[in-house]
*Asks:* 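Supplied in structure tokens, the structure appears directly below.
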Amino acid sequence: MARIELRGLAHAYRPNPKTGADYALKPMEHVWEDGGAYALLGPSGCGKTTLLNIISGLLVPSEGQVLFDGRDVTRLPPQERNIAQVFQFPVIYDTMSVFDNLAFPLRNRKVAEKEVRARVEEVADMLELSADLGRRARGLTADQKQKISLGRGLVRSDVAAILFDEPLTVIDPQLKWLLRRKLKQIHERFRLSLIYVTHDQNEALTFAQQVVVMHDGQVMQLGTPQQLFEVPAHTFVGYFIGSPGMNFLPCRFEGGSAVVDDIRIPLAREVLDHAPRHGVPLEIGIRPEHLRVSASQGNGALPAEIASVEDLGNFKIVTAKLGRHRLKAKLDEDAPVPAERGWLTFPPDRTRLYADGRLVA
Ligand code: ADP
Ligand code: MG
């Protein structure tokens with residue numbers, strides 16, 4: 001296992017005649033600590049696969065360095081990096097047995113046959129493939145083939161890290177859930193360094209201790225699922241994490257408080273102290289889970305029009321109009337919802353301020 005560090009890392013697949021580079025990855029500094037289970041989460045096209053391929057050595061970055069435990073590996077080929085990678089679609093040998101497929105990464109490294117057997121049986125047991133070890137891979141279902149791919153990623157105990165690139169895409173939802181739990185257990189048992197790429201926030205948030213959120217070739221935030229939810233470092237993270245995402249309202253400063261149109265929104269003292277007073281666009285952010293909606297006027301509540309209520313089984317989404325802005329609130333299924341008009345409360349400790357997209361204080 002290894003600590004993986006990116007120094008000034010950037011990648012452009014092709015030069016841009018105007019700007020010099022057309023970055024798929026913008027210059028970044030980042031550290032993946034040894035033994036961590038990380039999810040790498042971001043929308044399609046944000047650069048996740050590019051980053052994984054640079055870490056595994058399939059791609060040489062156009063700028064910067066990759067270090068494993070302080071050693072520069074930027075130009076080392078994949079086979080000299082000690083990385084296991086599992087891709088979106090199964091990569092297995094159809095004509096070989098399941099056993100031989102799982103044994104392949106070990107035999108390739110001249111591991112003694114006795115140990116090969118022990119490791120293969122252990123991994124097969126974890127992935128519930130034991131009964132299929134003697135079968136030829138060709139006749140298996142897509143789910144089973146992808147399980148073998150996962151097994152091939154997990155079978156070596158000496159790797160610096162295991163990289164998963166959306167490995168459960170082709171897997172049936174029920175099995176997906178099981179495999180995600182298995183991976184988590186395997187990580188807890190062996191303390192492997194894992195980087196798990198996904199565009200699915202539920203997958204990332206349940207699997208990982210630490211989530212790296214990427215957007216447009218940049219790392220936007222590294223945090224626990226709770227940190228990403230409670231204190232998104234950037235408006236993108238607020239919007240991307242959560243369902244529905246965070247509400248944002250453009251605001252300005254007047255007489256020491258944040259004002260949306262002519263409506264004053266209370267903010268915490270430390271936010272007010274750090275808020276830039278001019279020069280940058282400001283936005284108030286509040287999670288639908290934190291915005292309170294009630295039928296009666298409480299302290300600091302703001303009058304709003306109730307535009308719609310969606311009942312989603314175990315919760316409700318209320319869309320409220322505050323002046324010309326629409327806000328979403330997420331309420332328990334049995335919470336009372338005022339008809340037509342109601343009152344909104346922004347709890348100051350849950351209300352964030354963003355300057356030019358970045359969190360203030
Ligand atoms: P993700 O895995 O997050 O979907 P990728 O790393 O595959 O994103 O892609 C990042 C960006 O780089 C995208 O704009 C994509 O079109 C571009 N890209 C990816 N692979 C290549 C390639 N081989 N040649 C040129 N552009 C590429
Ligand atoms: Mg990808």
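All ligand and atom numbering here is 1-based and tracks the order in the structure. Values below: every heavy atom of this structure, side chains too, minus hydrogens, waters and symmetry copies.
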*Asks:* Of the protein's non-hydrogen atoms, which lies at the shortest distance from atom 7 (O) of ligand 1, and what is that distance?
*Replies:*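 For this ligand atom, the closest protein heavy atom is Thr49 CB, 3.8 Å.
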
*Asks:* Does the protein place a non-hydrogen atom closer than 4.0 angstrom to atom 26 (N) of ligand 1?
*Replies:* yes

*Asks:* Should you measure from each heavy atom of Ala24, which atoms of ligand 1 turn up under 4.0 Å away?
*Replies:* 11 (C), 12 (O)

*Asks:* Geometry only, no angles: is Cys46 polar-contacting ligand 1 at N/O separations under 3.5 Å?
*Replies:*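 Between Cys46 and ligand 1 (N or O atoms, distance only) the closest approach is under 3.5 Å.
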
*Asks:* Is Arg352 reaching over with its side chain to a backbone N or O of Pro232, donor-acceptor style, under 3.5 angstrom?
*Replies:* no

*Asks:* Of all the heavy-atom pairs spanning His11 and Pro61, show the shortest one and how long it is.
*Replies:*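 Heavy-atom minimum between the residues: ND1-CA, 3.5 Å.
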
*Asks:* Does Gly42 reach ligand 1, in the sense of a heavy atom lying below 4.0 Å from it?
*Replies:* no

*Asks:* Are the side chain of Lys147 and the backbone of Leu127 linked by a donor-acceptor contact shorter than 3.5 Å?
*Replies:* yes

*Asks:* Do Asn247 and His325 have side-chain atoms, one donor and one acceptor, less than 3.5 Å apart?
*Replies:*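 Not at all, the side chains of Asn247 and His325 share no donor-acceptor pair under 3.5 Å.
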
*Asks:* Could you establish whether Arg14 and ligand 1 come within less than 4.0 Å of each other, counting only heavy atoms on the residue side?
*Replies:*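 So Arg14 counts as touching ligand 1.
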
*Asks:* Distance alone, cut at 3.5 Å: any donor-acceptor contact between the side chains of Thr74 and Asp72?
*Replies:* yes

*Asks:* Please list the nearest protein heavy atom to atom 14 (O) of ligand 1 with its residue and the distance rounded to 0.1 Å.
*Replies:* Gly45 O, 3.9 Å

*Asks:* Using every non-hydrogen atom in the two residues, find where Ser257 and Arg264 come nearest and quote the distance to one decimal.
*Replies:*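 Smallest heavy-atom distance, with atoms named: OG-NH2, 2.9 Å.
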
*Asks:* Do side-chain atoms of Arg292 reach the backbone of Glu289 as a donor and acceptor pair under 3.5 angstrom?
*Replies:*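 It does not hold such a pair.
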
*Asks:* Measure from the Mg ion (ligand 2) to each N, O or S atom of Thr49 and report whether any distance is below 2.8 Å.
*Replies:*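 It does; at least one qualifying atom falls short of 2.8 Å.
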
*Asks:* Apply ring-ring contact (aromatic ring centres under 6.0 Å, His included) to residues His199 and Phe240 and explain how you reach the verdict.
*Replies:* CA-CA 10 Å; His199 65 271; Phe240 191 68; 8.9 Å; no

*Asks:* How far is atom 18 (N) of ligand 1 from its nearest protein heavy atom, and which residue and atom is that?
*Replies:* Tyr13 CE1, 3.4 Å

*Asks:* Among all protein heavy atoms, pick out the one at the shortest distance from atom 8 (O) of ligand 1; state its residue, atom name and that distance to 0.1 Å.
*Replies:* Gly47 N, 3.2 Å

*Asks:* Could you check which of Asp165, Asp216, Leu40, Thr50 puts a non-hydrogen atom nearest to atom 6 (O) of ligand 1?
*Replies:* Thr50

